[in-house]
Structure formats: structure tokens, C-alpha cells
Amino acid sequence: MNLYNYKYQDDILGKAKTYRIPNMEWQDIAQELDIVLWRKLSKFEGRNYATEKTFALRVMRNKIIDLAKATSRKKRFAN
């Protein structure tokens, strides 16, 4: 799998393979994480002495939470 964010490839793949989101394969999760990092890393400002890696990990964590919430909503209204 080729990822745009080569610097964070191991983190992306690790999180994608660890978290289970219903109706999503790990490759789909990895692609979503790669896209969100591509969009957000340019906005990193380093506030409060945070490193870019800390920022990237937080962005990925938030995206995983958003994906899990979205699939939960879809199941609830599928009836």
C-alpha cells in the first residue's frame, strides 16, 4: 500500500490494523488516515511545545473516533 505520508506510514498502518470499525477494512481506514494527515499537517503550528508527531497522532485518533461514530449512526438509522 502506497501512502502519501511516508514519514508516518508505520503509525498509519499500525492504527489502521489495530482499530476495528464495522464495515471497514484496515486498508480503508489507512487511506482515510492518510488523507486526513495530508490535509491537516500543513496547519501544524507547534503550540505548547507539541511536536509534529504528537499533532499527527492526535489527528489520526480523532479521525478514527469520527469514523466509528459515523458507522454507529448509519447502523442506528438503517431500519
Side-chain angles (χ1 to χ4, degrees):
M1 170 175 249
N2 292 330
L3 298 174
Y4 172 78
N5 294 293
Y6 183 75
K7 185 176 181 180
Y8 298 105
Q9 183 174 10
D10 292 338
D11 296 314
I12 291 170
L13 294 177
K15 287 192 179 300
K17 290 179 179 181
T18 302
Y19 289 93
R20 302 287 179 235
I21 298 174
N23 300 324
M24 290 189 81
E25 299 291 327
W26 70 266
Q27 295 93 340
D28 299 328
I29 298 169
Q31 185 177 22
E32 290 288 334
L33 295 177
D34 193 36
I35 291 169
V36 76
L37 279 180
W38 175 64
R39 289 182 175 169
K40 301 264 180 163
L41 277 177
S42 64
K43 297 176 182 169
F44 171 69
E45 296 178 357
R47 293 184 184 153
N48 299 326
Y49 305 104
T51 64
E52 184 182 88
K53 181 162 182 145
T54 302
F55 178 79
L57 293 174
R58 176 61 73 172
V59 167
M60 287 188 279
R61 181 179 174 272
N62 290 343
K63 184 62 179 179
I64 287 171
I65 291 169
D66 290 345
L67 290 171
K69 284 180 183 178
T71 58
S72 173
R73 281 192 302 268
K74 287 179 185 175
K75 281 195 294 185
R76 204 170 0 147
F77 295 114
N79 295 332

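Values below: every heavy atom of this structure, side chains too, minus hydrogens, waters and symmetry copies.
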Contact summary for Phe55 and Lys40, nearest pair of heavy atoms: CE2-O, 3.4 Å
Check Ala30 against Ile12 and note the closest heavy-atom contact, atom names and distance. O-CG2, 3.6 Å
Search all heavy atoms of Ile21 against all heavy atoms of Ile64 and return the closest pair with its distance. CD1-O, 4.0 Å
Going through the distances and angles, do Lys15 and Tyr8 end up as a side-chain contact (heavy atoms from CB on, under 4.5 Å)? CA-CA 11 Å; Lys15 287 192 179 300; Tyr8 298 105; over 6 Å; no
When every non-hydrogen atom of Pro22 is compared with those of Thr71, the smallest separation belongs to O-CG2, 3.6 Å
Heavy atoms only: give me the nearest Ile29-Ala16 pair and the separation to one decimal. CG2-CA, 3.8 Å
With Val59, the side-chain contact (heavy atoms from CB on, under 4.5 Å) member among Leu37, Leu41, Leu33, Thr54: Leu37
Within this structure, what is the CZ-CD distance for the pair Arg20 and Glu25, rounded to the nearest 0.5 Å? 9.5 Å
I'd like to know if the side chain of Arg47 and the backbone of Phe44 have a donor-acceptor N/O pair within less than 3.5 Å. no
4.5 Å side-chain heavy-atom contact, Arg39 and Ile35: yes
Spatial distance of atom CD (Glu52) from atom CG (Leu57) [nearest 0.5 Å]: 10.5 Å
